[in-house]
K.L.:
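Have a look at this one.
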Number of protein chains: 2
Amino acid sequence: MSEGLLTPTMEDYLETIFNLERRTKAIRVKDIAQSMGVKLPTVTSMLNTLIQKGLVNHEKYEYVELTGEGSKIAQEIDRRHGILRSFLIDILKIDAKLAEEDACKMEHAISPDTLERLLLFMEFVEVCPRAGSEWLKYFSQYCRDGRPKDDCLEHMKGFLDQYSTKLKDMEARKGVKKMADILLKELSPGKKGRIARVTGSGSIRRRILDMGIVPGAIVEMERVAPLGDPVEVKVKGYHLSLRKDEASHVYVGPL
Amino acid sequence: MSEGLLTPTMEDYLETIFNLERRTKAIRVKDIAQSMGVKLPTVTSMLNTLIQKGLVNHEKYEYVELTGEGSKIAQEIDRRHGILRSFLIDILKIDAKLAEEDACKMEHAISPDTLERLLLFMEFVEVCPRAGSEWLKYFSQYCRDGRPKDDCLEHMKGFLDQYSTKLKDMEARKGVKKMADILLKELSPGKKGRIARVTGSGSIRRRILDMGIVPGAIVEMERVAPLGDPVEVKVKGYHLSLRKDEASHVYVGPL
DNA sequence: CATGATAATTAGGCAAATCTAAATTAATTC
DNA sequence: GAATTAATTTAGATTTGCCTAATTATCATG
C-alpha cells in the first residue's frame, strides 16, 4: 500500500514466492528461506516489509501468498528474467546454469526500454531469414573456433554481389593469402582488422602479447597521435596505448 | 591490500576515478562527489575503504589517484562497461544516453564468461557476412515497423533455396495472403506464429487484447492441457494461460 | 492431551552506503 | 597576514539486508 519503489532484493523475494506458488500449494516461510538461501528471520522481516507495501498476505505462523498487486509485479519480474535467460541461452549459447544466474542479476539492472528492445531483437533474429537458426548455428561454431566457417562465407556469395566491399574482403581471404597484411600503425582510425602476426622477440614481443595483441584477435584503431606515437587501439574490449616501436611489430589482416 | 571482494559501489567509485583521471590532471574529492551524485562525506568514507584495500592513494585534503592495482581493476570495469554499451548501441540500437545508464548497472551483474561471449557475438555479427551492417540496418527498420522489409526477404531468396521450410514460409507470405491462418489452439507446442486477428466482441475480445494478444504480436505455444483447456502461450515474454473459449477467438499466421 | 520436534517470530547486532551538521584545513583576497 | 570562503573531514544518524540467540507457536504422536 505504501510507496512503489522496490529494491532488487524485494523483487527477488516476490519472484521467489511467485515461482513457489506455481509449484506448491501452500508456501511457508521456510520454503522461501531455502529458495533464497537465507535464514528464517531474514524472511520474516522481509515479509513484513512486503506486507506493508501490500504485495504479500501473511498471518503470523501461517502460509504466505502474493496479493493481486504483488502477483502482477512478480509476473513482470519473471518476464524480465525469462527474456534475459532466453537471450543468453538461445542467442549467446551460454549454458543453462550460468544463464540462470546471470539473468537473475541482470533482471534488476536492465531498463524496461532496453528489455523490450532485446525482445524485439530476438524476434528479429528469428523472423529475418538472414539471421535465424542457420545463422545461429554458425555462431555456435564461431564460439568454438573463433572464425566463421568457410561455407558460411560461401553461402553468402550470391548475396554479397551487391556489397562489393565485403565481397572484396571475402575474395582477399580466399585468394592470395595474407595479401592484405599491413602494419598496425597503417590501419586508419575507426577501421578494424585481425592480428596476423607479431614480429620481434624478447621483452618487446612478450609485452605486446601480454597486452592481448595475439594473432587472431580483432583490433580496432582508435586514434593515432600526431607523430604516430602513441597509437590507441581497442582489442577484446580493452583500450590499449601502444608506442610506435611496439606498433611496428604488429601486422594486421582483414577480418 | 586487504581482501579482494569489491562491492558494486566500490567498483563504481573506481570506475569514476579512472574516468576522471583520463580527463583531468588532478582529481579532488569534490569531483568524485559530483560525478557520483553523492555528498562529500560519502566520498571521504569510501576513499578510506579503497585506501585500505590498496586501490587508491589519497593524503588528507590532497588529490586522489588510483594505485597500480586500482587502475588495473578500474580498467577491467571500464572494459565491461564499454562492451555492454557497444552492444546496446551498435546492436540493439538503444539511444546513447539510456545505453550508458544501462551499461552502468549491468556491468555489475554480468558474469565474466557471459561478457566474453557477448563480445564474441558482436565480433561474429561483424565478421559473418550473413549478419553485418546490412543486416543490422534491417533490424533498425524492424524496430520501427515490427516486420522485416520485403526486400530483406527477397534478398535472401537465392540463399533460401536450400532451406525449404523457410522458403515455403516466405512463399506463403508473398503468395496467397492469410492462407496459413490457423486457430491459436491448433498451434503445436514449441511452435511460434504471428497473431493474425482476434474475433469476437465485447468483454471477451477486450480481455484477450488486454493480455497483449494483439494482431502482429508473436506468440509461442507452450502447453495445451489434456482437454485443450487451458492453453498456455508466451507472448512478448509473458506467460499467459488462455481458456479454450478465449483461444478459439485468436487466429495465428506465419511469422 | 501432554510433550518434544519443527517452524516462526522477536530481539538485538553488524556492515555497507548514504545523509546532515559541525569542525577543521586550505586557498584566496583585501 | 588576517579574514573570509571553499573544500574536506569527523561525528553521528539512518536504512537495508543480513545474521545469531532466545522465545513462542504449531503440529504430530505416543
K.L.:
A:Leu47 CG to C:dA8 C1': how many Å, rounded?
P.N.:
11 Å
K.L.:
Roughly how many Å is it from OH in B:Tyr63 to C1' in D:dA7, rounded to a whole number?
P.N.:
12 Å
K.L.:
Can you list, in residue-number order, the parts of residues 29-42 of chain B that come under 4.0 Å of DNA chain C, counting heavy atoms only?
P.N.:
B:Val38, B:Lys39, B:Pro41, B:Thr42
K.L.:
Between D:dT9 atom P and B:Glu62 atom CD, what is the distance in whole Å?
P.N.:
10 Å
K.L.:
For D:dG17 and A:Thr7 - does any side-chain N or O of the residue sit under 4.0 Å from the phosphate oxygens OP1/OP2?
P.N.:
yes
K.L.:
How many Å lie between NE2 on A:His108 and P on D:dG17, as a whole number?
P.N.:
11 Å
K.L.:
Any side-chain heavy atom of A:Ile94 sitting closer than 4.5 Å to one from A:Asp102?
P.N.:
no
K.L.:
Answer with base, sugar-phosphate or nothing: what part of the nucleic acid does A:Thr9 contact at a heavy-atom distance below 4.0 Å?
P.N.:
sugar-phosphate
K.L.:
Nearest heavy-atom pair of A:Thr67 and A:Gly54: which atoms, and what distance?
P.N.:
OG1-O, 2.8 Å
K.L.:
Before accepting this row, confirm whether a basic side-chain N of the pair B:Lys97/B:Glu100 lies closer than 4.0 Å to the acidic partner's carboxylate O.
P.N.:
no
K.L.:
In whole angstrom, give the distance that lies between atom CG of B:Leu6 and atom C1' of C:dA15.
P.N.:
16 Å
K.L.:
Without decimals, in angstroms, what is the distance between B:Glu59 CD and C:dA26 C1'?
P.N.:
15 Å
K.L.:
Search all heavy atoms of A:Asp31 against all heavy atoms of A:Ala26 and return the closest pair with its distance.
P.N.:
OD2-O, 4.0 Å
K.L.:
Would you call the rings of B:Phe87 and A:Phe87 parallel, tilted or perpendicular, where under 30° means parallel and over 60° means perpendicular?
P.N.:
tilted
K.L.:
Of all the choices, C:dT18, C:dT10, D:dT9, which nucleotide is nearest to the side chain of B:Lys60 once you look at every atom?
P.N.:
D:dT9
K.L.:
Run the salt-bridge test on A:Asp78 and A:Arg22 with the 4.0 Å N-O cut-off and return the result as yes or no.
P.N.:
yes
K.L.:
Given atom NE2 of B:His58 and atom C1' of D:dA7, what is their separation to the nearest angstrom?
P.N.:
10 Å
K.L.:
Can you tell whether the side chains of A:Lys192 and B:Glu126 come within less than 4.0 Å, N to carboxylate O?
P.N.:
yes
K.L.:
By a strict heavy-atom criterion of less than 4.0 Å, which residues belonging to residues 11-27 of chain A are in contact with DNA chain C?
P.N.:
none
K.L.:
Can you give each donor-acceptor pair under 3.5 Å made by side-chain atoms of residues 225-236 of chain A, sequence neighbours left out, with the distance rounded to 0.1 Å?
P.N.:
from	atom 1	to	atom 2	distance (Å)
A:Asp229	OD1	A:Lys244	N	3.0
A:Glu232	OE1	A:Arg223	NH2	2.9
A:Glu232	OE2	A:Arg223	NH2	3.1

K.L.:
Of the nucleotides C:dA17, C:dT24, C:dA8, which has the atom closest to the B:Tyr61 side chain?
P.N.:
C:dT24
K.L.:
Could you give the CZ-to-P distance, from A:Arg28 to C:dT6, as a whole number of Å?
P.N.:
13 Å
K.L.:
Can you tell whether the side chains of A:Lys105 and A:Glu11 come within less than 4.0 Å, N to carboxylate O?
P.N.:
no
